[in-house]
Amino acid sequence: MSLKPQRPHSIDELFARASELAGQRFADLAAAAQLPIPNDLRRDKGWVGMLLEHYLGATAGSKPTQDFPELGIELKTLPVDANGKPLETTFVCVAPLTDLAGVNWQTSNVRNKLQCVLWLPIDGRREIPLADRVVGSAFIWQPSAAQESMLQRDWEEHMDRIALGEVEHITARQGVALQIRPKAADGSALTDAIGPDGSIIQVRPRGFYLKTSFTEQIIRQVFHAV
DNA sequence: TCCTGATCATTA
DNA sequence: TAATGATCAGGA
């Protein structure tokens with residue numbers, strides 16, 4: 001384990017480094033990084049993701065790009081239960097609500113981020129103290145043709161509604177693999193969106209999320225069991 | 001019990 | 001405000 005992580009220069013190097021994390025306790029990783037470990041994640045929801053990003057040398061910051069642009073790879077932690085089933089949906093990116101002219105699936109942020117993902121399953125069981133939870137086995141995934149068309153269908157359906165000014169009628173129930181839900185600091189956060197009559201309205205910002213049923217299929221496909 | 005809608009921390 | 005990292009928690 002490197003105490004002073006550097007940016008990986010190849011996918012192999014990144015994958016090897018991620019694989020070394022398997023079985024390691026969050027307490028040990030936090031100690032080596034000299035980071036305080038919270039009692040739970042209620043006030044530190046992104047703590048595990050940030051910790052592992054640190055170890056793998058991902059670029060800090062809030063740019064809407066892949067975590068490793070030069071490798072074309074996005075890093076995602078995936079909290080799972082004792083059976084390896086995902087416990088949470090997976091945030092992908094913010095959903096554009098205005099200026100949709102020329103926006104299409106091929107150039108979308110969703111497709112870009114999901115083209116190649118380094119998944120890092122993590123123990124997400126709340127009944128286990130955070131310090132005692134461990135990292136799982138990393139794997140690299142690229143959507144199959146079937147998975148991508150599923151994502152594309154969902155994405156186009158969501159974007160059609162947004163373009164038609166129906167953003168406020170979008171529910172998390174819509175979409176087979178990809179859903180849209182609020183994504184904000186709190187209820188006071190507002191952003192521009194297209195209204196029913198085509199004018200600009202203020203709404204809660206939205207994000208694209210992968211449903212747990214979809215990430216569960218990915219896990220099954222890789223580990224051949226659940 | 002599960003899942004949707006709400007929320008938390010941080011940086012720029 | 002908007003982007004990143006996500007999980008919480010109560011109602012269906």
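Order of the sequence lines sets the chain letters (A, B, ...), proteins ahead of strands, with each chain counted from 1.
Rounded to whole angstrom, the span from the CG atom of A/Leu41 across to the C1' atom of B/dT10 amounts to 15 Å. Per the geometry, CG belonging to A/Asp67 stands 9 Å off C1' belonging to C/dG5, to the nearest Å. Atom-to-atom, CZ of A/Arg204 to P of C/dA2 comes out at 13 Å; the value is rounded to the nearest Å. One atom, CZ of A/Phe91, and another, C1' of C/dA6, lie 9 Å apart when rounded to the nearest Å.
Taking the ring centroids of A/Phe223 and A/Phe139, they lie under the 6.0 Å cut-off.
Contacts of A/Pro205 with the nucleic acid, taken as non-hydrogen atoms under 4.0 Å apart, are absent. Counting non-hydrogen atoms under 4.0 angstrom, A/Gln174 reaches nothing in the nucleic acid. The residue A/Arg173 sits close only to the backbone: its heavy atoms come under 4.0 Å of sugar-phosphate atoms, none of a base. Contact annotation for A/Gly187: backbone-only contact, meaning every heavy-atom pair under 4.0 Å involves sugar-phosphate atoms and none involves a base. A/Lys183 comes within 4.0 angstrom of a base, heavy atoms only.
A 4.5 Å side-chain heavy-atom check between A/Trp105 and A/Val110 finds at least one atom pair inside the cut-off.
At the phosphate of C/dT4, OP1 or OP2 sits under 4.0 Å from a side-chain N or O atom of A/Lys113. The phosphate of C/dA6 has OP1 or OP2 within less than 4.0 Å of a side-chain N or O from A/Thr77.
For A/Tyr209 and A/Leu87, each mapped to the nucleotide of DNA chain B holding its nearest heavy atom, the one lying further toward the 5' end belongs to A/Leu87.
Minimum interatomic distance between A/Met150 and A/Val176 (heavy atoms only, all atoms of both residues): SD-CG1, 3.9 Å.
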